[in-house]
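Structure first, then comments.
We name chains A, B, ... by the order of the sequence lines, and we start the count at 1 in each one. All figures in this text were calculated on a predicted structure; none of them were measured in a lab.
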Amino acid sequence: MDLHTLGIADLRRGLRSKEFSATELTQAMLGRIEALDPKIHSYLEVTKDSALSQAKEVDAAIQAGAYDDLGILAGIPVALKDNLNLKGTHTTCASRMLESYVSPYTATCVQNMLDQGAIVLGKLNMDEFAFGGSTESSAFGPTRNPWDTDRVPGGSSGGSAASVAAGLATVTLGSDTGGSIRQPGSFCGVVGVKPTYGVVSRYGVVAFASSLDQVGPLARSVEDAAIALNAISGRDPLDCTSQHIDTDFTANLAEGVKGMRIGVIPEFMEGEGMDDEVRDKLNEVMNELKNMGAEIVEIELPNVHASLSAYYVLGPCEAFSNLARFDSVRYGYRDPGHKDLNGQYEASRSVGFGPEVRRRVMLGSYLLSSGVYDTYYYPAQQIRTLITQDYVRAYEKCDCILMPTSPYTAFKLGEVKDPTAMYLSDTFTIPINIAGNGGMNVPVGLGNDSHLPIGAQLICPAFKDENMFRAAAALETVYGSACVAPDFEKAGA
Amino acid sequence: MRKLEEVLQDWEAVIGLEVHAELTTLTTKMFCGCKLEFGADPNTHTCPVCLGLPGALPVPNKAAIESIVLAGLATNCDIEKHSMFYRKNYMYPDMSKNFQTTQGPIAFCMRGHLDLEVDGVGAKERIDLGNLKPGETGAADSTAANVTRTEDGYVAHVGITRIHMEEDAGKMVHVGGGEGRIAGATHSLVDYNRAGTPLIELVTEPDLRTPEEARLFMQKLRQIYLAIGISDCSMEEGSLRCDGNVSLRRRGTKEFGTKTELKNMNSFKNLHDGLAYEICRQAEVLEEGGIIYQETRHWDPSKKRTIVMRVKETADDYRLFPEPDLAPYDLSDEFINRVRAKLPELPDEKAQRYADTYGLSAYDARHLVDHRVTANFFEACMDLTQGDLAKPLANLIINDITAHMNADEFFDLPTSPLTPERAVELVKLLADDTISSKQAKQVFTAVLEEDKDPAAIVDERGMKQVSDTGAIEVVVDKVLAENPDKVEQYKGGKKGLLGFFVGQCMKETKGQGNPKVINQLLTQKLGD
C-alpha cells in the first residue's frame with residue numbers, strides 16, 4: 001500500500017482498523033527517506049530511534065483499543081523545519097553557527113504536535129536562519145524540487161515543502177516571515193498556510209523577525225493543513241503575542257464558496273509583475289470560484305507597492321537584534337585561537353554566518369543606527385500602518401482575497417544570483433506578513449508553459465483564517481488534492 | 001586643591017543622579033519564572049529565556065510593573081498608561097541576548113519630584129540663599145529658584161525626569177588577573193543568576209547643586225523605597241546603585257559645563273565625598289585653563305580621589321528600537337488605583353503626623369523618620385505613654401540612639417536590650433528629676449551593656465539626684481566660703497565663674513545634686 005500518499009483521515013482509519021501499525025507506517029516513511037531523500041536533501045536530521053519508540057507507544061494504545069483516546073495526530077508522520085526546537089535534536093537553522101547546537105527544550109507548537117500523538121521523523125532543511133527564497137543558502141547544501149530536481153523547492157521552508165511533495169512526510173511545519181511557507185508551497189505544489197500573526201505560539205521558534213514570523217503547516221490537502229493548525233494554534237502563556245483561538249479550522253471545509261465575496265486586484269488579474277502562465281492560471285481560478293457561486297469583487301490596496309521596501313527595513317532590523325545572541329560565548333560556533341573578546345566575536349560570526357545572514361545583519365545594524373533610524377525604521381513602521389489599513393478597508397468588501405503566491409514557477413538552482421532579484425520573488429506574499437493577516441497557498445495545477453506547479457494565494461482578515469480554508473477547500477474540489485510529485489510517487493522502499 | 005566651600009563660592013555645581021534599584025522583594029525575574037535569590041550557586045537560577053537561548057521569548061512580570069508604579073506614585077510621578085519596552089543593543093558576555101530590554105522615550109513613570117529638607121552643617125554648602133527669609137522662595141531667574149528658605153536651612157525641590165523598567169545583566173568573574181580584574185586575566189566566567197533581575201532606574205533633572213543635596217536625595221529615595229517595600233536597598237550589596245553626573249559653571253553664567261559621570265559611590269558618605277572631590281577637581285582643572293572631558297570616573301574611597309574609567313569620545317549608539325516580542329503595555333485606571341491603594345504612609349506624611357499629633361518640631365519629626373527602626377521605636381514609645389513625653393523621647397532617639405546606631409553598624413535596635421518600655425522609664429526618671437541628664441546618659445549606656453531596667457540601675461548605683469534644698473544649701477555655702485577670691489571676682493563682673501561654682505557643687509554632691517536647684521541657690525546667694 002502507498003502509505004506515503006495518504007492523508008491524515010485515511011491514515012487514522014487504517015491505524016484504527018489495524019490495517020497497518022504505526023510502526024509499519026513509520027518504518028515505511030523512514031525507509032523512503034533513506035532511499036529517496038538523497039535525491040532532494042530535504043532532511044537535515046532523521047530522528048529514527050525516537051520516531052520508532054513513539055510509534056511503539058501508539059501501537060500499544062491501538063492494541064488496547066484506545067486509539068481514539070490519543071490525539072488527533074496519533075501515529076501521523078510529521079517533520080519540522082530546523083528552526084523549531086525539539087528537545088534532544090539539533091536545531092541548526094541550516095547554519096554553521098548552530099551546527100552542533102542541541103535543543104535543551106521544545107517549542108510550544110512542536111509540543112502541541114507531540115501532545116496530539118504526531119510522530120516526528122526529523123528536522124528539515126531551510127535557507128540559513130530563514131533568510132532566502134530557494135533553500136540554496138543552507139550551509140549544508142540546497143534542497144531540490146521533487147517535481148524537477150534541477151530546480152529549487154523555494155524557501156525558506158524548502159525542506160518542509162519538498163518533503164511533503166516527495167511523500168517523505170504527511171504534514172510538516174514551516175515558518176513564514178515574508179512568504180517562506182507559501183512560496184515553497186507554490187513551487188512544490190502543496191498546501192502551505194501562514195496563519196494570522198498570533199494564531200500560533202512563537203515560543204521555541206528561532207526568531208528571524210519577531211513581528212513578522214509565524215509558524216504554519218504544509219500538507220497535501222487543505223483538510224490535513226486545517227487539522228494540523230487545530231493542533232498547534234492557541235494562546236501560549238510563554239508567548240505574549242499569541243492569542244486565544246477556539247476556531248475549528250476544519251469546520252467549514254465542505255461549505256463551498258456560494259455567497260462568499262472574493263476580492264481581486266485588477267492590476268494583478270492583468271498580469272502585472274508575473275509570468276503569463278501565472279496570470280492565465282489566476283484568471284482561470286477566479287472563474288472557477290465564480291462558477292461555484294462566489295461573488296468576485298474588485299478591490300484596491302493603494303499602498304501595497306511599498307510593502308517590499310518596508311519589509312527590507314523592518315526584517316533586517318529585527319533580525320540584526322535577534323541574531324546578536326549568536327556570539328560564540330554560550331553556544332554555537334567559536335572560532336579558535338582568539339585572545340580578545342572582539343576578535344572572537346568577529347571571527348566566529350564571520351565564519352559561522354553565511355553571506356546572506358551577514359548581509360542582513362549588517363543592513364539591520366546600519367538601519368537602526370542613530371541618524372539613519374529616522375530615515376528608514378520609523379517611516380517603515382508608518383508604511384506598515386498604512387498597509388494594514390488598506391487591508392482593513394478591502395475586507396469591508398470581501399471575505400477573502402485571491403492573488404498569486406509567486407510571480408513565477410520554480411527556477412533552476414543557481415539561476416537567481418542577485419540577492420535583490422531573489423527578494424522580488426516574495427512580492428505577493430510579503431504584504432500579508434506586514435499586515436499580520438492570514439494567507440495560504442493552494443496548488444491549482446501545472447503551468448501551461450513550465451509544466452510545474454502553480455499556486456493560488458488566498459488571504460483573509462486577521463483571525464478569520466477559516467475564510468481562506470473554506471475557499472481553498474472549494475478550489476480543491478476543482479483541482480484535486482496535491483499529489484506526490486510523479487517521480488516520487490511510485491519510487492522508493 | 002581648594003576646599004569645597006571655597007570652590008562653591010566661585011562655581012555652581014550642577015548635579016544629576018541616576019539611581020538603579022533591584023526589585024529584591026519580588027520572587028521571580030523580569031521576563032521569566034526563574035527565582036530571584038542572592039548567593040545561589042552560579043547559573044542555577046536560569047532557563048532558556050534568561051540564558052537567551054534561540055527561540056526563547058520574554059513574558060513581563062506583572063508584580064514588577066506594580067512595583068515601579070508604586071515607586072512612581074511615591075515620588076510624585078505621572079503614571080504613563082501607554083508605554084513600550086525597547087531593545088538596547090550592545091554586545092557583552094554578561095548579556096545573554098546581547099540586548100537589554102528597557103524602555104523607550106516614554107517610561108512607566110514620568111515627571112516626578114522630591115522635596116529635600118536641608119539643615120545643619122550640610123545647608124552651608126549652599127551659598128546662594130543670601131537674602132532669603134524663612135518661607136521665601138528664590139526668584140524664578142535666580143540659581144535658587146527651586147529653593148525655599150526655612151528656619152534652620154532650606155527645602156530644595158528636585159525634579160525626577162523618569163523611572164523606567166529594565167533588566168539586570170549577569171555577573172562576570174575574571175580569572176588569573178589578580179583581584180578579579182580583567183587586566184591580565186586568562187579567562188572569564190559568567191554567572192547568569194542575576195541576568196533578568198528586575199531593575200528600576202530613576203533619573204533626576206540636573207536640579208541638585210551640592211553634594212549634601214545629592215546625599216539627602218538618595219537618603220530620602222531609599223527611605224521611600226524601603227517604606228513601599230520594593231527593594232532591600234543595600235548600597236553595599238549593590239541592590240541600590242547611584243551614578244552621579246556633575247559639571248561646573250561660573251557663578252552667574254547659564255551655560256552648562258562638560259559633565260563627568262561618577263561611579264562606585266556605594267554609600268551615602270561615598271556619594272557625598274565623591275561628588276565633593278569631583279567638584280573640586282573640575283574647578284582646579286578649569287581654573288588652570290584646562291578642559292573637562294566627557295568621561296566616566298571611578299571614586300576610590302581609600303585614595304580619596306576619582307580616576308578615569310572610560311573616555312566617551314562619541315555617544316554610544318545602542319540602536320534602540322521597540323521590542324517586537326512584547327506588546328505595548330497599557331495600564332488601566334483600575335490597575336493604577338489598585339496600586340495607589342497599596343501606598344503605605346510615606347516618610348514625609350509620617351513626619352507631618354508626628355509634628356501634628358505630638359507637637360514635635362519639623363526637625364525632630366523628620367529625623368525620627370530618617371530610619372524605619374527609629375520611627376517604629378518612637379511610635380511604640382508613644383503607645384506606652386499615650387502621647388506624653390514626646391519631646392524628651394524624641395531627643396533620646398535622635399541624639400543617643402541614633403549616635404549609637406551610627407557608631408555600631410551591628411547594633412540592631414529592635415532586638416537590643418533597650419526596649420520602648422525601658423526608654424520610657426528612663427525618660428520618666430529624668431523628667432521627674434530623679435536623675436540628672438548626665439546620669440541619664442550613664443543609665444542609657446548601662447541598659448545596653450547590662451540588659452537591666454533603668455530604675456534598677458539607678459537603685460544599684462545609688463544615683464538618685466539630690467534635689468533637697470536644705471542639703472544643697474549646705475554644699476553651696478561651703479563652696480562659696482572656700483573660694484572668697486572667686487566670689488569677689490564674680491561680684492566684680494566676671495559672671496562666667498557661675499559655671500565654676502556649679503561644677504564645684506556637683507563635685508561636692510558626687511554628681512547627684514540637682515543642677516537646677518544648685519543654680520538657683522547660687523544666683524540667689526551671689527546676689528543677682
What part of [X] lies closer than 4.5 angstrom to a heavy atom of chain B: side chain, backbone, both or neither?
{"X": "A:L84", "value": "neither"}
{"X": "A:D213", "value": "neither"}
{"X": "A:V205", "value": "backbone"}
{"X": "A:Y378", "value": "neither"}
{"X": "A:C317", "value": "backbone"}
{"X": "A:N85", "value": "side chain"}

Exercise. Just checking heavy atoms, which of residues 82-97 of chain B are less than 4.5 Å from chain A?
Worked result: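 When heavy atoms of chain A are the reference, residues 82-97 of chain B contributes B:R87, B:N89, B:M91, B:Y92, B:P93, B:M95, B:S96, B:K97 within the under-4.5 Å range.
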Please give me the minimum heavy-atom distance between [X] and [Y], naming the atom from each residue.
{"X": "B:G52", "Y": "A:Y331", "value": "O-OH, 2.9 Å"}
{"X": "B:F99", "Y": "A:S321", "value": "CD2-OG, 3.3 Å"}
{"X": "B:P54", "Y": "A:V206", "value": "CB-CG2, 3.7 Å"}
{"X": "B:L53", "Y": "A:R325", "value": "O-NH1, 3.0 Å"}
{"X": "B:N98", "Y": "A:R330", "value": "ND2-NH2, 4.3 Å"}
{"X": "B:P322", "Y": "A:Y373", "value": "CD-OH, 3.6 Å"}

So which part of [X] gets closer than 4.5 Å to some heavy atom of chain A, the side chain, the backbone, both or neither?
{"X": "B:F321", "result": "both"}
{"X": "B:L320", "result": "backbone"}
{"X": "B:P60", "result": "side chain"}

For this session: Taking heavy atoms only and a threshold strictly under 4.5 Å, list by residue number the residues of residues 360-369 of chain A that touch chain B; give 'none' if the list is empty.
Result: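 Listed by number, the contacting residues are A:S365, A:L368, A:S369.
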Problem set entry | Neighbour count above 12 (heavy atom, 6.0 Å) for A:Y377 OH |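 Atom OH in A:Y377 is packed in, count exceeds 12.
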Exercise. Is the number of heavy atoms from other residues, nucleotides or ligands under 6.0 Å of A:E346 CD greater than 12?
Worked result: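 No - once you tally the heavy atoms of other residues, nucleotides and ligands closer than 6.0 Å, there are 12 at most.
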Exercise. Are the side chain of A:Y105 and the backbone of B:A56 linked by a donor-acceptor contact shorter than 3.5 Å?
Worked result: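 Yes, A:Y105 side chain to B:A56 backbone: donor-acceptor pair under 3.5 Å.
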For this session: Considering only heavy atoms and a distance below 4.5 Å, find which of A:S211, A:G204, A:G332, A:P237 pairs most often with chain B.
Result: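 The answer is A:G204.
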Problem set entry | Spatial distance of atom OG1 (A:T241) from atom CG (B:L326) [nearest 0.5 Å] |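 Reported value, rounded in 0.5 Å steps: 9.0 Å.
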